[in-house]
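Written out below as structure tokens is the structure these notes cover.
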Amino acid sequence: MSTSQIQHLISMINQISSNNNYKKSDEETANFVANHIRNFWARSMKEQILHYAAEDGAELSNASRIALTQL
């Protein structure tokens, strides 16, 4: 996994979280984000972001981190 690939995935998941948190709790946002990732991300993308979250995860927003625990 290259650094630029994981940075792109981090940016994507955080952007999805940010764009969908209007008047929602982190948990509600996380449910939406988890469903989005399940439905639209390739398996390799999911594996990479889950690996990142398990190893570090420092750059993930709270809602993104919660979403990844639901996968």
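By convention here, the first residue in the shown sequence is residue 1. These numbers were taken from a predicted model, which means no experiment stands behind them.
- Contact of the L9 side chain with the Y52 side chain is not registered, since no non-hydrogen atoms from C-beta on lie closer than 4.5 Å.
- Taking CD1 of I6 as the reference point, atom CD of E55 lies at 11.0 Å (rounded to 0.5 Å).
- The side chain to side chain donor-acceptor pair (under 3.5 Å) check on S44 picks up nothing, with sequence neighbours excluded.
- In this structure, D56 has no side chain to side chain donor-acceptor pair (under 3.5 Å) partners at least two apart in sequence or on a different chain.
- Taking the six-membered ring where the residue is Trp, H36 and F40 present tilted rings, their angle falling between 30° and 60°.
- Side chain of R65 to backbone of A53: no donor-acceptor contact under 3.5 angstrom is found.
- With Q48 contributing its side chain and M45 its backbone, the two residues share no donor-acceptor pair below 3.5 Å.
- With hydrogens and angles ignored, the 3.5 Å screen pairs a side-chain donor or acceptor of Q5 with a backbone N or O of S2.
- The side chain to side chain contact (heavy atoms under 4.5 Å, CB included) search around L50 returns L68, L71, not counting sequence neighbours.
- Applying the side chain to side chain donor-acceptor pair (under 3.5 Å) test to Q70 and every residue at least two apart in sequence or in another chain returns N31.
- When all heavy atoms of E27 and I66 are compared, the pair lying nearest together is OE2-CD1, 4.1 Å.
- Applying the side chain to side chain contact (heavy atoms under 4.5 Å, CB included) test to E47 and every residue at least two apart in sequence or in another chain returns R43.
- I49 has its side chain within reach of L60: a pair of non-hydrogen atoms, C-beta onward, lies under 4.5 Å apart.
- Residue pairs that meet the side-chain hydrogen bond (donor to acceptor under 3.5 Å, both in side chains) test with at least one member in residues 15-24, sequence neighbours left out, are S17-S64.
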